[in-house]
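Structure record follows, encoded as structure tokens.
Here is the naming used below: chain letters follow the sequence lines, and residue numbers restart at 1 for every chain.
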4 protein chains.
Amino acid sequence: MVMDKQPPSESRPGRKRSAESRMAILVAAFELVGEIGYAGLTIEGIANRAGCGKQTIYRWWPSKAHVLLEALAVKADLYITNADHGSYTDDVRAFLEDTFRLSRQQRVVDILRVLMAEAQINEEFGELFRSSFLQRRRDALQVVLDRARTRGDLPPRPTASTVLDIVFGTLWYRLLTTRRPMGDDLVEDLTATLTQAAQHPTNTAIDLGDQQ
Amino acid sequence: MVMDKQPPSESRPGRKRSAESRMAILVAAFELVGEIGYAGLTIEGIANRAGCGKQTIYRWWPSKAHVLLEALAVKADLYITNADHGSYTDDVRAFLEDTFRLSRQQRVVDILRVLMAEAQINEEFGELFRSSFLQRRRDALQVVLDRARTRGDLPPRPTASTVLDIVFGTLWYRLLTTRRPMGDDLVEDLTATLTQAAQHPTNTAIDLGDQQ
Amino acid sequence: MVMDKQPPSESRPGRKRSAESRMAILVAAFELVGEIGYAGLTIEGIANRAGCGKQTIYRWWPSKAHVLLEALAVKADLYITNADHGSYTDDVRAFLEDTFRLSRQQRVVDILRVLMAEAQINEEFGELFRSSFLQRRRDALQVVLDRARTRGDLPPRPTASTVLDIVFGTLWYRLLTTRRPMGDDLVEDLTATLTQAAQHPTNTAIDLGDQQ
Amino acid sequence: MVMDKQPPSESRPGRKRSAESRMAILVAAFELVGEIGYAGLTIEGIANRAGCGKQTIYRWWPSKAHVLLEALAVKADLYITNADHGSYTDDVRAFLEDTFRLSRQQRVVDILRVLMAEAQINEEFGELFRSSFLQRRRDALQVVLDRARTRGDLPPRPTASTVLDIVFGTLWYRLLTTRRPMGDDLVEDLTATLTQAAQHPTNTAIDLGDQQ
DNA sequence: GTGTAATCGAGACGGTACGTCGCGTCTTGTT
DNA sequence: AACAAGACGCGACGTACCGTCTCGATTACAC
């Protein structure tokens, strides 16, 4: 997840970027947002906590949201496995359960919420957030769908695009509104809804009966 | 949608609240957010445009988001019909299409996005936004579900709670990430996914019997 | 000491001025200036303490300093006797000692200081303060000087005008700078200085001659 | 006349105080108080006129009166010579005439009046005004008195302390009440009153003996 | 080694908006 | 008409951060 202004690449003269300062800033931002909330988070506050000058933050990140996004990437491994579990249904369930597990970390959830919020308000950050975070999550689930299509157990409905919208829509909606993650029942219900046609295209009635 | 600090009710001495100022403030906020965006919107700017003092805003609303929420309620009729269209499938499709139509108003969509954003950042506003806006939308769709259950064409899966999460999740996810509303294809795909069991009327009687 | 905007004089229709409110306002102003100081004194604060509306204050006094001046007149008897003590020297000493005694009331002194201050800043109040307070004090001492001239023990120097300037100048200077009144020694020293020629009339001619 | 918060002295890191801003602020304050008066003078107005931020003023001065006091020190050379004119009488007359000349500058007089006023209202400023202005003036005249004592023509009465009170008392009283400075006649009259005993050298020796 | 160049901390700077306070005015209903 | 109450337009307050700009003081590469 690259968001620095200048990937140095070629060798330049002059002092090198301080790795200590970078980490101190990311840690300070991560801690502060947990202590005083995003509304109270300021560049000045981060600089104070990190023991660095404001300029050092402005040099490398354009906004506090950018700092926080990188801090999240450093502090939390956000990437969810999409290993093959043998069937489309099991893959989807596993994906949802992985996400569910991740969203138990309240600190991480809180940061995701405010980053999504900031993406609505700050156009430039929105661009980055969509391309470097949201799209990556879609890509991960897309792999599951592609595998199902190859395997042959992908139901004709809903389309892949709709599945992505439903899955991430439901996830984010819960995050943003109830502030609590999906529960086991919702995981199960959602998995069934998205995959029921695939499981038994001919005998919907029986499935329904079993599920009761 | 009541959000004023003091519903006066009984007759008190002193000058009454100015209806002119209230409307001027709501109109100014609505216009300004369209012209300069939410990030640039300030209480000071609203007061200037409205030709009133800042105190008059602070007296009645605790934040610019509260002003905007009331402005939205005044400027836009947000409430979507949930009239009976004869079947669950048609009711759901109508609800989604109504929403789709509403979300063609870019100004309204932009405000909804930033209000959802603010609800993540400002705890107090989040409370109000959930209770006075989000919950009402859920209630409206709940009526459709209740009618379907009574009518007898509500599929056993997904549960009502899951349907609400999926519908509003997908709606908000599109709003917040692509910034463009659902298209006809998504409406159709989503409707089918949520009601596909209902499309097999032979099972419906049995399901209903089980559910009761 | 009249400073009301409208001496009612003739009989007008409508409700009469409330004597209770007037006294409550004057008392509140007097108390508040002692508790929180002149800088913190506000019309709103006076109105709250007095249990009256702000308009009632604005109706009768143009500024908080005007209120305070009237409050002082009501609360403190500022007028110093200038009774005949038989000689110019004793009259002057008595006048100074009276003033000294008055200036033991710290509350009164504090108010006089801030009224003099306000008179420098607020042109309109300055006018009133000079004519209705300062001039009256000068007039009182002038009586002493006139009596001495009649009696024949008024030294030719300093002139009456200079005596007034020296006496009140010294009084006010002590008030404004040390915040403590003249002591006995200063009273005695000042009396002697102003009247010494009177004590040694034979030198006067020589002095005058020398000074020319 | 030092009134800055931090005499930097030792070398600190960070940007240095801007001398341009300091002068721009002092000039703006001096001009504005002449144009709109002290009551209308605001920190905000000074900052606008000076083309600087408000914080730059608050960083270095605690109130508009402090700014004005420093502005006065920069704009006007307030210090009056106390050179030796050969006799106590001539020294006192010269001191008074110097002051008289200074007080022809209406702008300077107006500022002195409001600073004395502010010193009554603002405790902290009063402290500074007394110690950094009033006391220095007293010290200057004290030099004249000390020289007279050394020289031997200081009259026994009034005491040095009383002379200071009378001189500055009369000066300030005229300033604060008539708003016009002492005239030639008052200078002469006051000089004579304070020095008349000195004109009788026969008494001086005895008096001096007593005083020692 | 000795420039030259970039980064670092610190912190002053010109700004902008904050949320509050008090001003003096203006209803509103009561006395 | 005056009164208590209190909302109003207004303007300044003093504060908090913004993002920029000196400042010495490091570092590091290039000569």
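- Distance from the side chain of B/Arg12 is smallest for F/dG6 among the nucleotides F/dC17, F/dG6, F/dC3.
- Side-chain atoms of C/Arg15 and base atoms of F/dA2 include a donor and an acceptor less than 3.5 Å apart.
- Looking at B/Phe125 and B/Leu115, their side chains come closer than 4.5 Å, going by heavy atoms from C-beta outward.
- Taking atom CD of residue D/Glu44 and atom P of nucleotide E/dA17, one finds them 13 Å apart after rounding to whole Å.
- The residue among B/Gly53 and D/Ile43 whose nearest nucleotide of DNA chain F is located toward the 5' end is B/Gly53.
- The CD1 atom of B/Ile25 sits 11 Å away from the C1' atom of F/dG9 (whole-angstrom rounding).
- One can place CD of B/Gln55 at 16 Å from P of F/dA12, the figure rounded to the nearest angstrom.
- Spacing between atom CZ of A/Arg22 and atom C1' of E/dG9 amounts to 20 Å, rounded to whole angstrom units.
- In this structure, D/Leu41 places its CG atom 17 Å from P of F/dG11, rounding to the nearest Å.
- Contact annotation: D/Trp61 does not reach the phosphate of F/dG14 (side-chain N/O to OP1 or OP2, under 4.0 Å).
- Protein atom CG of A/Asn48 is 12 Å distant from nucleotide atom P of E/dG9, rounded to whole Å.
- Where A/Gly40 and B/Ser18 each meet DNA chain F at their nearest nucleotide, the meeting point lying more 5' is that of B/Ser18.
- No side-chain N or O of B/Gln120 forms a donor-acceptor pair with one of A/Tyr38 less than 3.5 Å apart.
- Straight-line distance from the CD1 atom of B/Ile57 to the C1' atom of E/dC21: 17 Å, rounded to whole Å.
- The shortest distance between side-chain heavy atoms of C/Arg113 and C/Asp110 falls below 4.5 Å.
- Out of F/dG14, F/dG19, F/dC3, the shortest distance to the side chain of C/Thr56 is found at F/dC3.
- Within the 4.0 angstrom heavy-atom criterion, only backbone atoms of the sugar-phosphate kind lie near D/Gly51; the bases stay farther away.
- Comparing F/dA4, E/dT28, E/dG9 by their closest approach to the side chain of B/Lys16 singles out E/dT28.
- In this structure the side chain of B/Ser63 never reaches within 4.5 angstrom of the side chain of B/Ile43, judged on heavy atoms.
- Rounded to an integer number of Å, the gap from CD1 of A/Ile46 to P of F/dA16 is 18 Å.
- Side-chain atoms of C/Leu112 and C/Leu72, non-hydrogen and from C-beta on, do get closer than 4.5 Å to each other.
- Position along DNA chain E of the nearest nucleotide to A/Ser21 versus A/Gly14 favours A/Gly14 as the more 5'-ward residue.
- Under 3.5 Å, the side chain of C/Lys54 and the base of F/dG6 form no donor-acceptor pair of N or O atoms.
- Residues D/Ala50 and A/Ala50 both approach DNA chain E. Their nearest nucleotides, taken by heavy-atom distance, put A/Ala50 toward the 5′ side.
- Checking F/dC8, E/dT25, F/dC13 against every side-chain atom of B/Arg59, the shortest atom distance belongs to F/dC8.
- Contact annotation: the side chain of B/Phe30 never approaches that of B/Val74 to less than 4.5 Å [non-hydrogen atoms, C-beta and beyond].
- Using a 4.0 Å cut-off, some side-chain N or O of A/Trp60 falls inside it from OP1 or OP2 of E/dC8.
- Listed nucleotides: F/dA7, E/dA10, E/dC8. Nearest to the side chain of D/Pro13: E/dA10.
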